[in-house]
Amino acid sequence: MKKEQDGRARIDGEQIYLRPITMADTALIVKWRNTDRVRKNFIHQEAFTEEGHEAWMRTKVASGEVAQFIICERESGRPLGSVYFRNIDPLQKKAEYGIFIGEDGWAGKGIGTETARLAVDYARDVLKLHKLMLRVFADNIAAIKSYRHAGFVQEALLKDEIRQDGQYRDMVLMAVLFEENR
């Protein structure tokens, strides 16, 4: 892990790096979260607002309940998406993982898999978690494949778990366990 010029931690990968999110990223997050491509894979599909994101930053990120990063192209520094750990529970040593690639044209290029691998390392080595879990729609085959490559395994299939647009969707629960952090 490297340090940014302002002293914040930066996590370097091969194609990307992860830097801590700031309030200055709000407009970009709102733009990305409101695109159909990104929104269709989120459980909560309501329109995303700057006010809502700023409240998330003040109440969740600032409190340490969430650790969130911006995924950046390593060569140019261009922001591509976001990754987060939510509901961080130091007592139970677990958290929930989430990611989205916001920039068009970057999905399917290995960015999600590399981000997931970096996130797994961060959860194990920095957050010292025992379990990192995620929820993914069962029809999001590319994401499930990416998560498997990063070490996640399926723990459950929840049939008709979420109702969206008048249709029920199945949800897969996946997790990675870190035995060294029992």
Quick one, [X] and [Y] - any side-chain contact, counting heavy atoms below 4.5 Å?
X	Y	value
M57	I21	yes
I162	Y168	no
I99	I71	yes
V176	V153	no

Exercise. Measure centre to centre between the rings of Y97 and Y84, then say whether the value is under 6.0 Å.
Key: no
Quiz prompt | Aromatic contact, F42 with F100 (centres under 6.0 Å) | solution = yes
Self-check item: Residue pair R124, E180: steps toward the salt bridge (charged side-chain N to carboxylate O under 4.0 Å, His left out) verdict
Solution: CA-CA 8 Å; R124 181 190 60 234; E180 61 271 31; 3.7 Å; yes
Quiz item: Where is the tightest heavy-atom contact between K40 and Q164, given as atom of each residue plus distance?
Solution: O-OE1, 4.3 Å
Self-check item: Heavy-atom closest pair, residues L28 and P79
Solution: CD2-CB, 3.5 Å
Just by distance, do the side chain of [X] and the backbone of [Y] share a donor-acceptor pair under 3.5 Å?
X	Y	answer
T113	G110	no
S146	A142	no
R37	I101	yes
D89	L91	yes
H130	F178	yes
T26	E50	no
K93	N181	yes

In this structure, which one of [options] forms a side chain to side chain contact (heavy atoms under 4.5 Å, CB included) with [X]?
X	options	result
Q68	I29, D25, V83	I29
Y17	Q15, E14, R19	R19
R169	D139, L158, N140, D160	D139

Quiz item: Should the pair F48 and H53 be assigned to parallel (<30°), tilted (30 to 60°) or perpendicular (>60°) ring geometry?
Solution: tilted
Quiz prompt | Carboxylate-amine/guanidinium proximity below 4.0 Å for E155 and R135 | solution = no
Self-check item: Residues K31 and E103 bridged, charged N to O under 4.0 Å
Solution: yes
Practice problem: Could you state whether L177 and F152 fall into the same hydrophobic cluster, counting links through intermediate Ile, Leu, Val, Met, Phe, Trp or Tyr residues with side-chain heavy atoms under 4.5 angstrom apart? | Solution: no
Quiz prompt | Common cluster, I144/V120, ILVMFWY with side-chain heavy-atom separation under 4.5 Å | solution = yes
Self-check item: Stepwise side-chain contact (heavy atoms from CB on, under 4.5 Å) check, D12 with R74
Solution: CA-CA 8 Å; D12 281 308; R74 187 169 176 151; 3.9 Å; yes
Exercise. Scan side-chain atoms only and decide if W106 and E73 contain a donor-acceptor pair under the 3.5 Å cut-off.
Key: no
